[in-house]
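Encoded as structure tokens, the structure appears first; notes follow it.
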Amino acid sequence: MENLTEDLIVKVKTIAQGPNAELLRKLVDVLYEQEEEHFSAEDLAAIQEGIQEFERGEYITYEEYKKERGL
């Protein structure tokens, strides 16, 4: 467990200093604020699908997403 924690801390610190810091904060907030509500099997499948798409380079940046949505 300690290695997992250390690995996550290094990764979070690296992302927090880069262009995706705000997105990371929002994702962490979603996970942190969950109390009794957990991801369903369908949610986890969708997350896994998104990870695979990202690994294949099938994504847009957060800035592009906001621009497309007029945010």
Between Thr61 and Glu63: side-chain donor-acceptor atoms closer than 3.5 Å: no
Lys67, NZ: over 12 other non-hydrogen atoms inside 6.0 angstrom: no
hydrophobic_cluster_shared for Leu23 and Tyr32, side chain cutoff 4.5 Å: no
Heavy-atom donor-acceptor pair, Asp43 side chain to Ser40 backbone, under 3.5 Å: yes
Leu8 and Leu4: CA distance, side-chain angles, deciding distance, side chain to side chain contact (heavy atoms under 4.5 Å, CB included) verdict: CA-CA 6 Å; Leu8 286 171; Leu4 173 64; 4.1 Å; yes
Considering all heavy atoms, the nearest Ile15-Asn20 contact: CG2-O, 4.0 Å
Closest heavy-atom pair and its distance - Tyr65, Leu71: CE2-CD1, 4.3 Å
Glu6 vs Val10 side-chain heavy atoms within contact, under 4.5 Å: no
Leu31 reachable from Leu44 in the ILVMFWY side-chain graph, under 4.5 Å edges: yes
Separation of Glu42 CD from Ile47 CD1 (nearest 0.5 Å): 11.5 Å
Which atom of Ala16 lies closest to which atom of Ala21, heavy atoms considered: O-CB, 3.2 Å
